[in-house]
Protein chains: 2
Amino acid sequence: MTADTETRTNQTSRATYELRQWIINGDVAGGTRLREIAVAEKLKISRTPAREAMARLAEEGLLERMGSGGFVVRSFSIRDAADAIELRGILEGTAARMAAEEGVSRAEIDAMKETLANLDACFLETGELMDFEKYSEFNAVFHDQLVQMCKSTIVRRELERVKSLPFASPSAFVHDQPGGAAFHRSLIVAQQQHHELAQAIENREGTRAEMIAREHARTARANLLTAQIPQTGVETRMPGVGLIVN
Amino acid sequence: MTADTETRTNQTSRATYELRQWIINGDVAGGTRLREIAVAEKLKISRTPAREAMARLAEEGLLERMGSGGFVVRSFSIRDAADAIELRGILEGTAARMAAEEGVSRAEIDAMKETLANLDACFLETGELMDFEKYSEFNAVFHDQLVQMCKSTIVRRELERVKSLPFASPSAFVHDQPGGAAFHRSLIVAQQQHHELAQAIENREGTRAEMIAREHARTARANLLTAQIPQTGVETRMPGVGLIVN
DNA sequence: ACCCGCAGTAATGTATACATTTTATACATG
DNA sequence: CATGTATAAAATGTATACATTACTGCGGGT
């Protein structure tokens, strides 16, 4: 759902990709109605693949079907965005608990620990500055590894679904932000939570793992709320903020 | 998503409805590939609304897109079905916790208590037999009221999504079953949990509400597992069992 | 026996014409 | 002034022809 399965071979895949970019980049604001004809013309394709692309993005949760037909770019209040992050925490918590209770292989644990080491390496010797790009990358890897540890297809699927909302992705708020001090501290806390989470899973402490994952998401949630989306005309680097209207 | 918003006015809505029935009734087994042309011919419509209907059912989670195009009826292992019920419990638990922590109106509490009374009335004086039909109906009402108490659109939406899997619906296993004694007792337990859940929400005991809702779903989960789906050629009355293959 | 490639067939992908419904506007009416 | 209604415009719904891609089975090769 999230990955680029789009081989970009046919018009529909290309259209889906393009449209998704428009939405995530904020080229079309939340609440905007998408007209088949307009979309088709803009992408220089016929209405059929345009419609199909919109259907797929509706499946992804980026668009909404209107009762009378057609699609609207889904819009989210700040509360919705915060709730989406919290929900990710709930589901990651469930995945973590299931992984802990069912047990995971040595190889999976080791792979996760390697990611943790990579994340540790992103913090400089002085403890002050850090490599945001790499951190963001390995952070995504860590969260993917967590999902893979849960053997429930159903839980994995719903988790992927929630993560496909751009601002609910684990790495959504990991970017170089202007007011860096507090944010930098929150990353240190987050990384500590990563370590504890891996440990809890390894020790098969299900409840602990669940609660750490939840709290970990709330760290991200706090970053969203302090970012004050609509006010400061926040960095466009942050994906999907155009969908947050209220 | 679950409700019949389908006005049945146009071909697509009709096709969506028909196809959904086929799938839930088990007329097409899980894993079956649905060919546009075959579906279109069977419903005496053209390929376009047939395709559109399949896209919508994919959105609902009843169909899956194949990589090379086209759709397959989604199939679930028994574990998947059990996980889906557990996931419903997780999400209902989250809804219950949020409702408890945020607080709900007097009117909402009273409405839920009325439903509880209606459910109580389904148990006969003797405590032995009961009205399954009514119980099933009011049980669905109770669970809907619970969802409504949660003010998070995001959580509500995902919960509705999970509930749209036919066997994950709260009332899925509330039917007159042959081996009635143990099942009947489980309904008594379930009703007790309903009472406790309402009380916890009213008292704003978030964690308690969450845990009761989880445990409540596990009661349903146990009913699924004892039903031994593939073995006894279980009652066709139970919806969506045809999707459970393993 | 197994693998590979090459049709032929059957499916999905795409464009487009036409049908139907929705929506916007102007106007009449209480 | 508000409300409802008629009507035109513009959107989506539907069917279908044609294009392209995926599947299947056969035959040749090693």
Side-chain angles (χ1 to χ4, degrees), chain A residues 1 3-23 27-60 62-75, chain B residues 1 3-23 27-60 62-75:
Chain A
M1 193 86 76
D4 270 31
T5 320
E6 356 246 339
T7 42
R8 228 81 88 272
T9 61
N10 56 10
Q11 306 288 48
T12 301
S13 301
R14 203 174 55 80
T16 306
Y17 179 82
E18 290 279 343
L19 250 181
R20 189 191 293 117
Q21 291 305 319
W22 290 358
I23 294 169
D27 299 338
V28 288
T32 308
R33 177 172 181 176
L34 291 182
R35 289 172 181 82
E36 282 182 12
I37 300 179
V39 170
E41 280 176 0
K42 202 150 194 172
L43 291 168
K44 289 179 203 152
I45 56 181
S46 79
R47 279 175 53 207
T48 312
R51 166 187 280 249
E52 175 71 12
M54 291 194 284
R56 293 189 187 182
L57 292 176
E59 215 169 311
E60 253 176 60
L62 257 44
L63 299 182
E64 223 167 0
R65 283 179 198 276
M66 297 198 320
S68 54
F71 298 84
V72 190
V73 178
R74 201 166 155 203
S75 65
Chain B
M1 191 87 77
D4 270 28
T5 319
E6 355 245 338
T7 42
R8 228 79 90 280
T9 60
N10 56 10
Q11 306 287 48
T12 301
S13 301
R14 203 173 56 80
T16 306
Y17 179 81
E18 290 279 343
L19 250 181
R20 191 192 293 117
Q21 291 306 318
W22 291 358
I23 295 168
D27 299 339
V28 289
T32 308
R33 178 172 180 176
L34 290 183
R35 289 174 181 79
E36 282 181 12
I37 301 178
V39 170
E41 281 176 0
K42 203 151 194 172
L43 292 168
K44 289 177 200 150
I45 55 180
S46 78
R47 280 175 53 210
T48 312
R51 167 186 279 249
E52 175 71 11
M54 291 194 285
R56 292 189 187 183
L57 291 176
E59 214 168 310
E60 251 175 64
L62 258 42
L63 299 182
E64 222 166 2
R65 284 180 197 273
M66 297 198 320
S68 55
F71 298 85
V72 189
V73 178
R74 201 166 155 202
S75 65

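Chain naming here is simple, since letters A, B, ... match the order of the sequence lines and numbering starts at 1 in each.
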Would you say that [X] contacts [Y] through its side chain, given a criterion of any heavy-atom pair below 4.5 Å between the two side chains?
X	Y	answer
A/V73	A/L63	yes
A/L43	A/W22	yes
A/T16	A/L57	yes

Could you tell me how far apart [X] ([atom1]) and [N] ([atom2]) are, to the nearest whole angstrom?
X	N	atom1	atom2	value
A/R14	D/dT21	CZ	P	14 Å
B/E36	D/dA22	CD	P	15 Å
A/M54	D/dT12	CE	C1'	10 Å
B/F71	C/dA11	CZ	P	16 Å

Contact state string [nucleotides 14-23 of chain C, B base, S sugar-phosphate only, - no protein heavy atom under 4.0 Å]: BBBB----SS

CG on A/L34 to CD1 on A/I23, rounded to 0.5 Å: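 Reported value, rounded in 0.5 Å steps: 6.0 Å.
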
Residue pairs involving residues 29-41 of chain B (criterion side chain to side chain donor-acceptor pair (under 3.5 Å); sequence neighbours excluded):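 Only B/E36-B/R47, B/E36-B/R51 qualify under side chain to side chain donor-acceptor pair (under 3.5 Å).
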
Charged N-O contact under 4.0 Å between B/R56 and B/E60: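 Answer for the salt bridge query: no.
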
Salt bridge present between B/E59 and A/R65 (N-O < 4.0 angstrom):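 Yes, charged N to carboxylate O under 4.0 Å.
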
Stems where DNA chain C pairs, listed by first number, each of three or more Watson-Crick or G-U pairs under 3.5 Å: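 The stems that DNA chain C takes part in, listed by first number, are C:1-30 with D:1-30.
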
A/T12 versus A/E52, closest heavy-atom pair with distance: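 Nearest pair, atom of A/T12 first, then A/E52: CG2-CG, 3.2 Å.
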
